[in-house]
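A quick write-up on the structure given underneath.
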Amino acid sequence: MNEPLSPDDLAAYHENGFLLVKNLISRQEAAAMREECHALAARLDSDADPTWASARTIAGASAGRTALKHAHDAQFHSAAFARLLVDPRFTDVAAALLGGPNLQLHHTKMFIKPPETGSPFPLHQDHPFFPHVRHTVAAAVFHFDDAPEEKGCIRAVPGSHRQGPLPHVEDGSWHLPPDTWRLQDARPCPAEAGDVLFFGYLTVHGSGLNTSDQARTTWLVQFRDPADRPTTDDHTWSLGQGMMLRGVDPTARRTDGAGEPR
């Protein structure tokens, strides 16, 4: 069986902390998943806006009020997401990046950045939201439509993961000090429908304002090595957390008093 990633891809991921995998799913599949996302948003019919308070400052007063649509645990709303979670095209790549055969779900979240007002995210690491002992947690962002810079694509800081956990500002949701960690200084990661961006939870990243006339539709999957364990109870409420996406859980879900596998 062919390896899902080349040695150069793996080296780039470990060097930069992120990797864009082109055409992991087809444009036709991405278009179908985009419809699933927008149909889910319509079914939820929610006015709730998960935009971080800290993101309003980044957008600037001239942008007016920004907006964002989202849904946690999309796989519990539509089977299409559940099938994609265990698709070997995804799970084989994710496991290769972790360096082992086993892959466990942490959580999923759908994001829709509306046209012209789609909210940005300030630069941050995901670590403060759900710190783990071994720092194996990583993310896959599925792009279900094209995400050029004007749509507010993800931006990442190459090599930032090697600095380890960084001090964050808690006010307005965890983010790095914007005067020293400027969004415009991070590398844009434009993507096309069907591409998946992978990055570790220590990689500094954010995303810009969607100023285009089209929505940006993505699905975030956070995953980990099942032998890793959270150090806090901050994010244990996600439905399906702990589901095995590939391989087995060698710990049999048993831990010692400190949360380490035994």
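Here, residue 1 is the first one in the sequence, and each next residue gets the next number. Worth saying up front: this structure is predicted, and the values here are computed from it rather than measured.
A donor-acceptor pair under 3.5 Å links the side-chain atoms of Thr211 to the main chain of Glu150, judged by distance alone. A donor-acceptor pair under 3.5 Å links the side-chain atoms of Arg155 to the main chain of Ala186, judged by distance alone. Counting only distance, with no hydrogens or angles, the side chain of Asn210 and the backbone of Gly152 share no donor-acceptor pair below 3.5 Å. Panel note: side chain Glu36, backbone Phe81; no donor-acceptor pair is recorded below 3.5 Å. Not a single donor-acceptor pair under 3.5 Å links the side chain of Arg229 to the backbone N or O of His132. Although no hydrogens or angles enter the test, the distance criterion places a donor-acceptor pair under 3.5 Å between the side chain of Asp145 and the main chain of Thr217. With Asp195 contributing its side chain and Glu192 its backbone, the two residues share a donor-acceptor pair below 3.5 Å. A donor-acceptor pair is defined here as one N or O able to donate and one able to accept, closer than 3.5 Å; such a pair exists between the side chain of Lys113 and the backbone of Gly208. Judged by distance alone, with hydrogens and angles left aside, the side-chain atoms of Asp249 form a donor-acceptor pair with the main-chain N or O of Thr251 at under 3.5 Å.
Under a hydrophobic clustering in which Ile, Leu, Val, Met, Phe, Trp and Tyr are joined whenever their side-chain heavy atoms come within less than 4.5 Å, directly or via other members, Trp219 and Phe111 fall into different clusters. Both Leu68 and Val141 are members of a single hydrophobic cluster when ILVMFWY side chains are connected at heavy-atom separations under 4.5 Å. When the side chains of ILVMFWY residues are joined at heavy-atom separations under 4.5 Å, either directly or via intervening members, Met110 and Leu24 end up in a single hydrophobic cluster. In terms of hydrophobic clustering, with Ile, Leu, Val, Met, Phe, Trp and Tyr side chains grouped at heavy-atom distances under 4.5 Å, Ile154 and Phe144 are assigned to different clusters. Residues Leu19 and Leu197 are members of separate hydrophobic clusters, defined by side-chain heavy-atom contacts under 4.5 angstrom among Ile, Leu, Val, Met, Phe, Trp and Tyr.
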N/O donor to acceptor pairs below 3.5 angstrom from side-chain atoms of residues 8-16, sequence neighbours left out:
from, atom 1, to, atom 2, distance (Å)
Asp9, OD2, Ser6, OG, 3.3
Tyr13, OH, Gly200, N, 3.3
Asn16, ND2, Ala12, O, 3.4

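A salt bridge links Arg89 with Glu29: the distance from a Lys NZ or Arg NE/NH1/NH2 to an Asp or Glu carboxylate oxygen falls below 4.0 Å.
Note on residues 190-210: pairs passing ring-ring contact (aromatic ring centres under 6.0 Å, His included), not counting sequence neighbours, are His124-His205, His127-Tyr201, His135-Tyr201, Phe199-His205.
Smallest separation of non-hydrogen atoms from Leu85 and Leu105: CD2-CD1, 4.0 Å. The nearest pair of heavy atoms linking Pro167 to Pro177 is O-CD, 4.1 Å. When every heavy atom of Ala30 is checked against every heavy atom of Gly194, the shortest pair comes out as CB-N, 3.6 Å. Of all heavy-atom pairs between Ser207 and Arg216, the closest is CB-NH1, 4.1 Å.
Checked against a 6.0 Å centroid threshold, the rings of His175 and Trp181 do not count as neighbours.
Side-chain contact check for Asp225 versus Arg134: every heavy-atom pair is 4.5 Å or farther apart.
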Go through the steps to decide whether Val93 and Leu5 satisfy the test side chain to side chain contact (heavy atoms under 4.5 Å, CB included), and finish with yes or no. CA-CA 7 Å; Val93 170; Leu5 294 171; 3.9 Å; yes
Apply the test side-chain hydrogen bond (donor to acceptor under 3.5 Å, both in side chains) to residues Thr108 and Gln75: give CA-CA distance (whole Å), side-chain angles for both, the deciding distance (0.1 Å), then the verdict. CA-CA 8 Å; Thr108 76; Gln75 72 275 16; 2.7 Å; yes
Step by step, would you call Arg224 with Gln104 a side chain to side chain contact (heavy atoms under 4.5 Å, CB included)? CA-CA 5 Å; Arg224 66 188 175 197; Gln104 188 176 58; 2.8 Å; yes
Trace of the salt bridge (charged side-chain N to carboxylate O under 4.0 Å, His left out) decision for Asp213 with Lys151: CA-CA 8 Å; Asp213 60 359; Lys151 270 194 177 183; over 6 Å; no
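Below 30°, between 30° and 60°, or above 60°: for His235 and His106 the angle between ring planes is between 30° and 60°, a tilted geometry.
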